[in-house]
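Order of the sequence lines fixes the chain letters, A, B, ..., with proteins taken first and strands second; residue numbering starts at 1 for each chain.
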2 protein chains.
Amino acid sequence: MFKAAKQTRIFQDVVEQIQETILAGKLMPGEMLPSERELKAMLQVSRGTLREALRVLEQKGLIEIKLGVGGGAVVQDISYDRVNESLALLIRYQKVSLQHLTEFRVGVEGRVSALAAERATPADVIHLKALLEQARQFAGKGSDFQKEFVEVDKQIHLSLAEITGNPVYLSLHHTVHDNIDQYYETFLFMKQREMEENFTDLGNIIDAVERKHADEARLLAEAHVLRFNHYMENREL
Amino acid sequence: MFKAAKQTRIFQDVVEQIQETILAGKLMPGEMLPSERELKAMLQVSRGTLREALRVLEQKGLIEIKLGVGGGAVVQDISYDRVNESLALLIRYQKVSLQHLTEFRVGVEGRVSALAAERATPADVIHLKALLEQARQFAGKGSDFQKEFVEVDKQIHLSLAEITGNPVYLSLHHTVHDNIDQYYETFLFMKQREMEENFTDLGNIIDAVERKHADEARLLAEAHVLRFNHYMENREL
DNA sequence: GATTTGTAATGGTTAAACCATTTGTTGTAA
DNA sequence: TTACAACAAATGGTTTAACCATTACAAATC
């Protein structure tokens, strides 16, 4: 019900004050905090305490420290890095397996494709088809271009997430891929035939999106991610 | 391609050394690190530098500090808290709307229910039915028990997430609700009829899970969350 | 035996000084 | 005038030493 009321620590109060200032928009990304020596005077704390607070804010991804004259704490534009790092820790601790992540990805990509099918504008479809054309060319050039092909595949999924208009799906896309890609890069070597299968998948998904068949897009996307993952699992043996 | 090679900072080296020790399993959750004064001697750094490193490790969720005699840094069992906090920060910073979150929740609950339908054991079904019985009683007692009813509703969704066996869904459940509940608590006041509708929804979902009809469970869960959200949106006006 | 008191270990905080890095300026030579 | 070198100042990084606040445990007391 309640959380620990451990608020005797001064640096935590400093963290909160600065964090709230940033989150309230009073300090925008790119702006700088006063120097440590100024801040310590403003907050009436010692430099050591202030620096402990700065370390916490830095780890949270809210600020970044620059050295030298004119240096100091710069407010950061928030990114997925912190989420990714903590998720990577979970994975390394083996609380979350690659299988769990990919299973989750199947669900997300299915849902994203269904929503995209409902919402795609003609311009969106044109963009998707342009990406598909790139994928077709890489798929035709053979296994040497598997890296480029996978990149375009990722671009297509990213575009679908954008079409949903829901930033939650964009965030998840980045988080999932940042933690999955390293495994793919290690284990995934697609054969010519597998690349063509994947290309066919993508074409079918985009076709379903264009025809606004949400349920069909969902099923195709789920099967596509499952197949993609299947390649990797076989390599892993 | 490359990451910043900013490795002049001593406390970062300290963070890495301790983090690797923990992640390598040489320090298990519950075990304690040496005291600050011992550590500073072992690592040949000043106490201030060491404490900055400890703040980073603390923020990462790897350790927790206890006060007094026998106090010090205790290695933590890793949890989803760090992921949730950083995701919550992302949500707050980007000002992700409630609509975006609930739309995402529709997809997740649908997928979770479908997976649960595929994987639920007889024991799982018995547990779900017990929760459903609780929900039935609260729904029958009228609007005074809407808070308790919503709590059981949440418990049922949590149980479904557990049945999937995928910790990613468990983590998301907590993250989403940590960020959504405050809105519900402000705006949601269900009438008798609405509680009964929700109860019927839950019964139908659990029924579909028991009959292992994944697709039906998915559609029912999606509709259920949408309806739930609809109540709130109407209140919000 | 129960309770109070003392004590020592440990994290939390402060202060002052110095080092290392970076930027801008100033001076000097081509 | 321009290019470059040297210097100066601001700022984060680090060290040291001291003291405060909290806590567990032991000793003393009732």
_Interface residues of residues 34-47 of chain B with DNA chain C (non-hydrogen, below 4.0 angstrom)_ = B:Ser35, B:Glu36, B:Arg37, B:Arg47
_Residue pair A:Leu115 / B:Glu103, side-chain heavy-atom distance below 4.5 Å_ = yes
_ring-ring contact (aromatic ring centres under 6.0 Å, His included) pairs, two or more places apart, involving residues 34-87 of chain A_ = A:Tyr80-A:His174
_I need the full list of ring-ring contact (aromatic ring centres under 6.0 Å, His included) pairs touching residues 20-60 of chain A, with sequence neighbours left out, sorted by first then second residue._
none
*DNA chain C: A:Thr49 or B:Leu33, which has the more 5' nearest nucleotide?*
B:Leu33
*Atom CD1 of A:Ile10 to atom P of C:dT13: distance rounded to whole Å?*
5 Å
May I have the list of side-chain donor-acceptor pairs in residues 40-48 of chain B shorter than 3.5 Å, sequence neighbours left out?
| from | atom 1 | to | atom 2 | distance (Å) |
| --- | --- | --- | --- | --- |
| B:Ser46 | OG | B:Thr49 | N | 3.3 |
| B:Ser46 | OG | B:Thr49 | OG1 | 3.2 |
| B:Arg47 | NE | B:Glu36 | OE1 | 2.9 |
| B:Arg47 | NH2 | B:Glu36 | OE1 | 3.0 |

*What's the CZ-P distance between A:Arg9 and C:dT10, to the nearest Å?*
18 Å
_Test: side-chain hydrogen bond (donor to acceptor under 3.5 Å, both in side chains). Region: residues 122-133 of chain B. Which pairs qualify, not counting sequence neighbours?_
B:Thr121-B:Asp124, B:Lys129-B:Glu210, B:Glu133-B:Arg136, B:Glu133-B:Gln137
*Whole-Å distance separating the CD atom of A:Glu64 from the P atom of D:dT11*: 18 Å
*asked:* If I take atom CD in residue A:Glu52 and atom P in nucleotide C:dG11, what distance separates them, rounded to the nearest angstrom?
replied: 12 Å
*Specify the separation, in whole Å, of atom CG of B:Asp13 and atom P of D:dG13.*
15 Å
*Mind calculating the distance between CG (A:Leu50) and P (D:dT11) to the nearest angstrom?*
14 Å
*Under the criterion side chain to side chain contact (heavy atoms under 4.5 Å, CB included), which of B:Ile163, B:Leu172, B:Leu160 is the partner of B:Val112?*
B:Leu160
Provide a list of protein-nucleic acid N or O atom pairs under 3.5 angstrom, restricted to nucleotides 21-24 of chain D.
| from | atom 1 | to | atom 2 | distance (Å) |
| --- | --- | --- | --- | --- |
| D:dT23 | O2 | B:Val69 | N | 3.3 |

_Applying ring-ring contact (aromatic ring centres under 6.0 Å, His included) as the test, list every pair that has at least one member in residues 25-75 of chain A; sequence neighbours left out._
none
*Taking NZ from A:Lys66 and C1' from D:dG13, how many angstroms apart are they, rounded to a whole number?*
17 Å
_Quick test of your reading: applying ring-ring contact (aromatic ring centres under 6.0 Å, His included), list the pairs with at least one residue in residues 33-56 of chain A, sequence neighbours left out, ordered by first then second residue._
none
*Could you pull out all residues at least two apart from B:Ile22 that satisfy side chain to side chain contact (heavy atoms under 4.5 Å, CB included)?*
A:Tyr93, B:Ile18, B:Leu27, B:Leu62, B:Ile63, B:Val75
*Would one find a side-chain N or O of B:Arg51 under 4.0 angstrom from OP1 or OP2 of D:dG13?*
no
*CD1 of B:Ile65 versus C1' of C:dT10: gap in Å, rounded?*
12 Å
